[in-house]
Structure formats: C-alpha cells, structure tokens
Amino acid sequence: MAHGEGALNASVVAVELVQSGGIAGLDMTATLRLADLAAADADRTRGLVEQVLAEPEPPQPRTAGYDEREYELTVSCTGAPDRRIHTRDGALTPAQRALIGELRPHLHPS
C-alpha cells in the first residue's frame, strides 16, 4: 500500500527520518523504535504515522528553495514492506511536520 492509500494493517515497529539539505547541507538521520518508547509516546508516534500514511500526498513545489531541507520518512511495520515518503520544506502537511518534529530531537549526522 502506498502513501495515501489508507490506514495501517500491521503494527508500526519503527520510524526512520533522513533529513538532508538546509544551509549546511548536512545529512542527518534518526530512528525511533516504538518498543523503546514509553507507552504514551509510542501511541502518539503511531497515531502520527497513521495520519501521515492515510493522507493524500500533497503536490511538491516545482522548485526547491535555496536552503530547504528534504526528508525521507521510512515506516517499518510487522509483516509488511517498509513504506517511504519523500517530501521537503514548503510541501509538508501538518501531520508530516508533527511526525518530523517527534523525530528531530533524535537526529545525528549520518
């Protein structure tokens, strides 16, 4: 099932973020394994993932801004193939922005 084709059938196990671009152009990565989070944090993150995967993909701006960041979100679920979402500043949905906000404190250089 691709981005925007409905809710999850399998349990979310982990979410990975790769952030690139920006003024420094540094690639940063973060991975959250839901089993490592407190129950409330895992539930909030799972809810954000489900929102992101259920919404239609917004149109991407035609040209990237000078210092825009690009994002690749990868969602790993039990018994299902990984799902990837590519987006960038200027095209983020509110759910994508919230999910990236959850992952940002965990970013480290690639």
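Computed from heavy atoms alone, side chains included, the values below leave out hydrogens, waters and symmetry copies. Owing to the predicted nature of the structure, the values given are computational and were not obtained by experimental measurement. Positions are given from 1, in the same order as the sequence printed here.
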Can you give the donor-acceptor pairs under 3.5 Å from side chains of residues 29-43 to other protein atoms, not counting sequence neighbours?
{"from": "Asp41", "atom 1": "OD1", "to": "Arg44", "atom 2": "NH1", "distance (Å)": "3.3"}
{"from": "Asp41", "atom 1": "OD1", "to": "Arg44", "atom 2": "NH2", "distance (Å)": "3.0"}
{"from": "Asp43", "atom 1": "OD1", "to": "Arg46", "atom 2": "NH1", "distance (Å)": "3.1"}

### Message
For a side-chain contact (heavy atoms from CB on, under 4.5 Å) check, start with the C-alpha distance between Asp82 and Val75, then their side-chain angles and the critical distance, and finish with the verdict.
### Response
CA-CA 6 Å; Asp82 288 353; Val75 177; over 6 Å; no
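- The side chain to side chain donor-acceptor pair (under 3.5 Å) check on Arg104 picks up Gln19, Tyr71, with sequence neighbours excluded.
- The closest side-chain heavy-atom distance from Glu16 to Ser76 is not below 4.5 Å.
- Partner of Arg97 under the side chain to side chain contact (heavy atoms under 4.5 Å, CB included) criterion, chosen from Val52, Leu92, Leu48: Leu92.
- Counting heavy atoms from C-beta on, the side chains of Thr45 and Leu103 never come closer than 4.5 Å.
- Under the rule for a side chain to side chain contact (heavy atoms under 4.5 Å, CB included), the partners of Glu72 that lie at least two apart in sequence or sit in another chain are Val18, Thr74, Arg84, His86.
- Counting heavy atoms from C-beta on, the side chains of Gln96 and Gln51 never come closer than 4.5 Å.
- The closest side-chain heavy-atom distance from Ile85 to Leu53 is below 4.5 Å.
- To the nearest 0.5 Å, the span separating CZ on Arg69 from CD1 on Ile100 amounts to 9.5 Å.
- Counted by atom type alone, Glu70 and Ser20 present zero donor-acceptor pairs between their side chains at under 3.5 Å.
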